*Asks:* 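This is the structure I have questions about; it appears just below.
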Amino acid sequence: MSINDIRQLVWQGALNVQITVKPTLLAVDESPKDCAVNLRIPRDIYLTCYLPAIINRVRDSLRVDLDDEEQHIWLEFENVPLYWNYPAGVLYDSMIGLNPSEREDKDAENSLEVWRLELAQGPKLPPGVIPLTGGLQQIRSYLMHQWKQACFILNGSSKQVMSLSMQESSRFWESVVTRDQENFIYVANKVIPFKPRFIPVIIHQTLPEVKLFQPVTVHSKDDGTRTKLIDLIQAQFPNLFQKDHVTLSKVVSNGIELPLTEDLYDLYNRLFSLDGFLHLSICLITDSEYAEEASK
Amino acid sequence: MISYQRYCDQLHQLYDSKTLQNQIVVQVVRLLDDSILLQTAVPSTAKDLSHLELKITYSQVYQEPLLLLRVWRKDQSQEDESDFVSLWFPQDVSALLGIDKSFQLELDAVVSPTSHLQETWYSIHPCDTAEIVGDQAKYADGYLNRWLSVFLFSWLI
């Protein structure tokens, strides 16, 4: 399978999402199930791009005003607030690591896997959640901000992003929203070099609490050999990934469990997200996976 | 560009010199390992505000000092005269605080290198810092002070 085939599969990855509203926000006589919104959304997009449409669907069932400027809106999964500034698929991969055994049972009962989220509102945002004050323009601006960072990490300068024409910047944002992979790759290829200075990586760990790691990750080690995923992971989490030990964790990106022996920059080139970073989620293995590993 | 070690050295020198503590707008100064937290009064044009929370820290990505900012306003929901305040994220914070538009000040998710938790701050994008501050060797010893005069004192004092 060519790199373009893999990128296309990643680009087309999607999630079934059901969004209900916190019962405390609902009007009397409304039940969360009655005003549930079902969506099939790309993995590689910000969930907040869908907020205006979701709000429009549920507005009439609420006893609160979602346009109140003194209030904030956010999404939660099992009462854990979601950071909208990471792609939806990354949040999903990280969050389903919360209770994998329990989830495995539920999955067996349901043929269709649905990620169930809740819409929440309050005067104070949960810590770390970026307030949405500027609509889609803010999301676009945040995306370009991330690409400037990714570009700096890759090339030692943000010039490749800063020198994009207005037309190219617009084309890039449009490509994300309209899911036009050709235009997305056209611009991304202007930024991503053959041999990078460092590799833009963000690691998401959910247990025991949501933590994020942005390690300085070299393309090649001092001895000239290229960095593998296991080099990064063992350096960052020496207790979780010990040599010659059965591990309770796995590394997931775009829903795929990654072999630890893979070359890191090859993984980046295949699996980088819409923000120019390779997102890796540290997930717990399920009971059955553990039993299989232990029996080897 | 400044190395992390040189930045830490200059940060501690800055704290010891009391340059920040002696500014009339500065209310609280706290030195952490590799950052300084500040609480300051607000520019006179922003009368509904209570105070600003600022953090001078280091960007490992850009290898530059990084200024983070949060706005606290007087709590308008309180009808009594108590000093309730709340965090506020205005849309155009540059205009509110009179910060020159040439600084790219945006809401950002900042991951603490020690706690690994995500925090929400306005940050001034540091990608042009070296050109603005001056990257020549003769400025290396005073890099953080030069940065401070441009990125903080130019609009706060």
Side-chain angles (χ1 to χ4, degrees), chain A residues 69-70 72 74 81-86 123-135 137-162 197-198 200-205 209-217 236-237 275 277, chain B residues 1 3-4 48 53 57-64 66 68 70-78 84-96 101-132 135:
Chain A
E69 288 186 359
E70 298 297 316
H72 297 284
W74 66 95
L82 297 179
Y83 295 149
W84 66 257
N85 56 305
Y86 300 108
K124 201 175 160 191
L125 270 174
V129 177
I130 303 178
L132 276 165
T133 57
Q137 186 55 42
Q138 181 188 352
I139 301 170
R140 173 181 169 166
S141 177
Y142 184 81
L143 177 75
M144 296 316 290
H145 174 81
Q146 289 300 96
W147 267 99
K148 279 181 213 160
Q149 265 201 56
C151 183
F152 198 95
I153 294 169
L154 288 161
N155 302 294
S157 154
S158 299
K159 280 182 187 142
Q160 287 85 342
V161 173
M162 303 287 272
R197 192 177 65 123
F198 298 109
V201 177
I202 297 177
I203 306 175
H204 302 248
Q205 189 183 28
E209 58 184 325
V210 177
K211 286 189 174 184
L212 296 147
F213 301 82
Q214 200 174 332
V216 176
T217 309
Q236 201 68 46
F237 305 101
D275 58 5
F277 282 81
Chain B
M1 203 171 274
S3 71
Y4 178 69
D48 291 334
E53 183 184 357
T57 185
Y58 184 76
S59 166
Q60 293 286 355
V61 170
Y62 293 101
Q63 295 173 15
E64 295 284 5
L66 179 65
L68 306 177
R70 282 175 178 156
V71 177
W72 290 81
R73 67 174 168 179
K74 296 166 192 164
D75 201 335
Q76 294 167 340
S77 63
Q78 302 297 327
F84 288 97
V85 293
S86 57
L87 203 54
W88 188 36
F89 296 99
Q91 193 171 344
D92 194 348
V93 71
S94 296
L96 184 77
K101 291 279 185 193
S102 61
F103 293 116
Q104 294 179 55
L105 184 61
E106 289 179 359
L107 263 176
D108 198 4
V110 180
V111 177
S112 160
T114 47
S115 69
H116 302 288
L117 302 178
Q118 180 165 297
E119 301 170 354
T120 308
W121 295 84
Y122 290 97
S123 75
I124 295 184
H125 201 268
C127 65
D128 294 331
T129 303
E131 286 82 2
I132 296 168
D135 217 7

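Throughout, a chain's letter reflects where its sequence line sits, starting with A, and its residues are numbered from 1. Not measured: the values here are computed from a predicted model.
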*Asks:* Between B:Glu119, B:Gln118, B:His125, which residue shows the highest count of heavy-atom pairs closer than 4.5 Å to chain A?
*Replies:*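 Max contact count across the listed options: B:Gln118.
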*Asks:* Tell me, side chain or backbone of B:Ser59 under 4.5 Å from chain A's heavy atoms, or both, or neither?
*Replies:*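 Nothing of B:Ser59, per the 4.5 Å heavy-atom cut-off to chain A.
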*Asks:* Does any backbone or side-chain atom of B:Gln91 lie under 4.5 Å from a heavy atom of chain A? Answer side chain, backbone, both or neither.
*Replies:*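 Both backbone and side chain.
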*Asks:* Output all residues satisfying side chain to side chain donor-acceptor pair (under 3.5 Å) with A:Gln160, sequence neighbours left out; order by chain, then residue number.
*Replies:* none
*Asks:* I need the B:Arg73 CZ to B:Phe89 CZ distance, nearest 0.5 Å.
*Replies:*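 Reported to 0.5 Å precision, the distance equals 11.0 Å.
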*Asks:* With a 3.5 Å distance limit and no angle check, can you tell me whether B:Tyr62 reaches the backbone of A:Gln149 through a side-chain donor-acceptor pair?
*Replies:*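 Answer holds: yes.
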*Asks:* For A:Gln205, which atoms come within 4.5 Å of any heavy atom of chain B: side chain, backbone, both, or neither?
*Replies:* neither
*Asks:* Does B:Leu105 offer a backbone N or O that forms a donor-acceptor pair with the side chain of B:Tyr122 under 3.5 Å?
*Replies:*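 The answer is no, because no donor-acceptor pair under 3.5 Å joins these two groups.
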*Asks:* Is the shortest heavy-atom distance from the side chain of A:Tyr142 to the side chain of B:Glu106 under 4.5 Å?
*Replies:*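 No, side chains not in contact.
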*Asks:* Can you name the nearest heavy-atom pair linking B:Leu68 to B:Val110, along with the distance?
*Replies:*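 In this case the closest contact between B:Leu68 and B:Val110 is CD2-CG2, 3.9 Å.
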*Asks:* What part of A:Gln214 lies closer than 4.5 angstrom to a heavy atom of chain B: side chain, backbone, both or neither?
*Replies:* side chain
*Asks:* At a 4.5 Å cut-off on heavy atoms, which part of B:Val61 comes close to chain A: side chain, backbone, both, or neither?
*Replies:*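 Answer is both: backbone and side chain atoms of B:Val61 are under 4.5 Å from chain A.
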*Asks:* What part of B:Asp108 gets closer than 4.5 Å to chain A, counting heavy atoms only: side chain, backbone, both or neither?
*Replies:* both
*Asks:* Can you tell which of A:Pro127, A:Pro131, A:Ser158, A:Gly156 has the highest number of heavy-atom pairs within less than 4.5 Å of chain B?
*Replies:*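 Among A:Pro127, A:Pro131, A:Ser158, A:Gly156, the one with the most close pairs to chain B is A:Pro131.
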*Asks:* Quick one: do A:Lys159 and B:Glu131 make a salt bridge, cutoff under 4.0 Å?
*Replies:*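 No salt bridge links A:Lys159 with B:Glu131.
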*Asks:* Heavy-atom cut-off 4.5 Å, strictly under: side chain, backbone, both or neither for A:Ser141 against chain B?
*Replies:* both
